[in-house]
Amino acid sequence: MSFTSQNNRVYALCDANSFYASCEKVFRPDLKDTPVVVLSNNDGCVIAQSKEAKAMLDLYMCRPWFEVEEEAKMLGVVAFSSNYELYANMSNRFMATLRQFSPRQEVYSIDESFLDLTGIKCDLVAYGQQIKDTVMQWTGLPICVGMGSTKTLAKLANHCAKKQPHMNGVCDFTSMSETDIDNIMQQLPLSKVWGIGGKLEAKLNKLGVHDVLRLKRANPKRIRDEFGVLLERTIKELNGESWLELDETLSEAKQVMSSRSFGARVSSLQELEEAVSFHASNASARLRKHGLYANAVHVFIQNSPFDKAEFYGASLIAALPSSTDNTLLINRTALWILKQLYKEGIYYQKAGVMLMELVPEGAQQTNLFTQNTSDTKYSTLMATLDSINSKYAKGTIKLASEGIYKTWVMRRSYKSPNYTGDWGELPLAK
DNA sequence: TCTGGGGTCCTAGGACCC
DNA sequence: TCTGGGGTCCTAGGACCC
């Protein structure tokens, strides 16, 4: 991290509009003008809504589906369960398209990417339009482009590009006057700034800071004393001092988690064991995909904070005897932890397994007592398991402890086909 | 009946060291 | 009489992100 005092950098933030909903629409042209929402795992909450759905009832966002379902259906809203295989695939296409426009790219999230446009000698607004049109043409996804001299400003510009219809999806702060930008900032609440969430906004409001311009003009030193370095950095970034650099490295995972709420409440140890086993294998498989080894396992179980009963949440971390990516070993540890946590008479809503203290392949510490021959045997077994599960379908081969009936499995009533990830589900022209 | 999942980073405080 | 100070490492918890 360093401060570039001579800041003539240009960052662009390219962000897909209602990404999940847009992905669903790409493969359903018949829903072009239909309001569409996408539901979280377990069909729990609304997590994405197309612009038609937004225009009708923005209140749906983050609401539990069961509360709005009836009304939404009456209004002609079409719902989809989340289909992460599809979204990951579309994300890859989107990122690959953006790569055409800058040699320096940071893939920030599944639907957002920063580009470094420093030194590009053309009308940036026109360039932004070109990026937007190309993404639409190559992937079918609508996006907005925001540009600024820092990443924080590019994020804010992107917000404006989305909200101001006359900008046609592209907003470039670097070609606007300071006064114009200040006028925009004065209209924006703090929560629109990258890094300011609900808690910070409330605290700052109490101090009389209500809009972005006010925050921009706050004294960074004083803010640092009260709120820490992050917010100080944000203020500097709002003032055009670049403190956040483009991060082109595809960062290695620091932990891998698999968890889900249950389709129905679960109270027996056996059912919990099945779920924890499932998550242990799932997380282990993802660990191997990243080429990583874990040193510790974290298991948690809880009932729902929305239930009448008193909240019960328990979790425990156990160290593994040596770093491993072995499903069987990780599973055994996870089940042992579960036994420590389990309490009878509780209606559990959720369980999860987190793998921690990850190290890359080749860097793992070997334990004095580890037997290398069995290690090789295990890794051959794991490789075989992974290749069968990837060739056929996830879960073709699994641990017996994962159970067969899966009373706890999540609901996914409205899932679209795996258009891009399964030969059998390719969309075909009629 | 039904309320997401998967992450990162920073900070404060305690333990421990010399 | 007088009870240090500077440093590291670890962990839990909080805040944020999409």
Side-chain angles (χ1 to χ4, degrees), chain A residues 1 13 15-20 37-48 60-70 72 79-84 87-88 91 106-114 151-152 155 158-159 190-204 224-234 244 247 249 251-266 279 282-283 286-287 290 295-296 298 300 302-308 311 313 315-317 319 347 349-358 407 410-414:
Chain A
M1 208 101 41
L13 177 70
D15 185 326
N17 307 345
S18 333
F19 181 60
Y20 295 171
V37 297
V38 176
L39 308 177
S40 63
N41 275 324
N42 228 4
D43 295 341
C45 292
V46 176
I47 51 169
Y60 284 179
M61 195 59 177
C62 300
R63 290 275 299 282
W65 177 238
F66 74 91
E67 278 180 23
V68 297
E69 180 174 4
E70 197 180 334
F80 287 91
S81 305
S82 31
N83 182 346
Y84 288 102
Y87 309 150
S91 175
E106 172 181 345
V107 176
Y108 177 67
S109 77
I110 193 163
D111 71 332
E112 275 177 65
S113 174
F114 286 102
K151 287 166 81 176
T152 303
K155 275 277 235 185
N158 188 282
H159 171 79
L190 297 178
S191 56
K192 302 301 175 203
V193 177
W194 191 28
I196 300 189
K199 296 272 163 65
L200 270 177
E201 184 179 34
K203 269 203 212 163
L204 285 161
R224 182 194 184 123
D225 290 343
E226 200 143 343
F227 297 91
V229 289
L230 291 181
L231 195 57
E232 180 196 29
R233 210 161 59 194
T234 297
L244 298 168
D247 181 7
T249 57
S251 61
E252 229 151 49
K254 302 202 163 124
Q255 50 181 251
V256 170
M257 168 150 79
S258 174
S259 88
R260 249 178 239 352
S261 15
F262 305 134
R265 298 286 185 267
V266 155
H279 290 307
N282 190 18
R286 277 179 21 217
L287 196 66
H290 289 278
N295 280 295
H298 182 185
F300 66 89
Q302 60 175 64
N303 65 2
S304 167
F306 297 99
D307 283 354
K308 281 200 191 103
F311 182 71
S315 76
L316 191 65
I317 300 173
Y347 290 88
Q349 170 250 355
K350 188 177 186 178
V353 173
M354 214 184 288
L355 302 180
M356 307 170 69
E357 292 169 43
L358 309 186
T407 42
M410 67 169 170
R411 283 180 305 278
R412 253 178 136 181
S413 319
Y414 313 98

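Side-chain atoms are counted along with the backbone in the values below, which use heavy atoms only and exclude waters and symmetry mates. Just so we're on the same page: letters track the sequence lines, and every chain starts at 1.
Side-chain N/O atoms of A:Asn83 and A:Ser81 include no donor and acceptor closer than 3.5 Å.
In terms of heavy-atom proximity, A:Ser258 sits nearest to A:His279 at OG-ND1, 2.7 Å.
For the pair A:Glu226 CD and C:dG14 P, the interatomic distance rounds to 19 Å; values are reported in whole Å. Between the CG atom of A:Leu231 and the P atom of B:dC9 there is a distance of 18 Å, given to the nearest Å. In this structure, the CG atom of A:Asp43 is 12 Å from the P atom of B:dG4, given to the nearest Å. The CG-C1' distance, from A:Asn295 to C:dC10, rounds to 15 Å in whole Å. Atom CE of A:Met61 is separated from atom C1' of B:dT3 by 15 Å (rounded to the nearest Å). Atom P of nucleotide B:dC9 and atom CG of A:Leu244 are separated by 12 Å, given to the nearest angstrom. When rounded to the nearest whole Å, the span between CG of A:Leu204 and P of C:dA15 equals 13 Å. The distance between atom CD1 of A:Ile317 and atom P of C:dC10, rounded to the nearest whole Å, is 14 Å.
Using a 4.5 Å cut-off on side-chain heavy atoms (C-beta onward), A:Gln302 and A:Gln349 make contact. Between A:Leu204 and A:Phe227, the closest side-chain pair of non-hydrogen atoms falls below 4.5 Å. Residues A:Thr152 and A:Trp194 meet the side-chain proximity criterion, which asks for heavy atoms closer than 4.5 Å. Between A:Val38 and A:Ser82, some side-chain heavy-atom pair lies under the 4.5 Å cut-off.
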Pairs under 3.5 angstrom, nitrogen or oxygen only, protein versus nucleotides 5-8 of chain B, please.
unit_1	atom_1	unit_2	atom_2	d
B:dG5	OP1	A:Ser261	N	2.4
B:dG5	OP1	A:Ser261	OG	3.0
B:dG5	OP2	A:Ser261	OG	3.4
B:dG5	OP2	A:Lys350	NZ	3.0
B:dG6	OP2	A:Ser259	N	2.6
B:dG6	OP2	A:Ser259	O	2.9
B:dG6	OP2	A:Ser259	OG	3.0
B:dG7	OP1	A:Arg286	NH2	2.9
B:dG7	OP2	A:Met257	N	2.6
B:dT8	OP1	A:Lys254	N	3.0

For DNA chain C, what is the dot-bracket line, given that a base pair needs Watson-Crick (N1 to N3, plus N6-O4 or O6-N4) or G-U wobble (N1-O2 and O6-N3) geometry with both distances under 3.5 Å, and | means paired with another strand? ....||||||||||||||
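With respect to the salt-bridge test (charged N to carboxylate O, under 4.0 angstrom), the residues A:Lys155 and A:Glu112 qualify. Checked for salt-bridge contact, A:Glu106 and A:Lys151 meet the test: a charged N lies under 4.0 Å from a carboxylate O.
Among the protein residues, A:Phe19 comes within range of no part of the nucleic acid, since none of its heavy atoms lies under 4.0 Å from any strand. Within the nucleic acid shown, A:Val193 comes within 4.0 Å of sugar-phosphate atoms alone, with no base atom in reach, counting heavy atoms only. Looking at heavy-atom distances under 4.0 Å, A:Ile110 makes no contact with the nucleic acid at all. Using a 4.0 Å heavy-atom criterion, one finds that A:Leu39 contacts no nucleic acid atom at all. Note on A:Lys203: nothing from the nucleic acid sits closer than 4.0 angstrom, heavy atoms only. Among the heavy atoms of the strands lying under 4.0 Å from A:Asp111 are primed sugar atoms or P, OP1, OP2 only; no base atom is included.
Comparing A:Glu67 and A:Gly228 by the nucleotide of DNA chain B whose heavy atom lies nearest to each, the residue mapping closer to the 5' end is A:Glu67. Closest-nucleotide positions on DNA chain B for A:Trp65 and A:Val229 were compared, and the one nearer the 5' end corresponds to A:Trp65.
Proximity of A:Arg265 to the phosphate of B:dT3: a side-chain N or O atom is located under 4.0 Å from OP1 or OP2.
Ring to ring, A:Tyr20 and A:Phe80 are not that close: their centroids are 6.0 angstrom or more apart.
Rounded to whole Å, the P atom of C:dC18 lies 25 Å from the corresponding atom of B:dT3.
Distances from the side chain of A:Arg233 to the nucleotides B:dC10, C:dC16, C:dC18 place B:dC10 closest.
Using cut-offs of 30° and 60° on the angle between ring planes, the pair A:Tyr414 and A:Trp65 is perpendicular.
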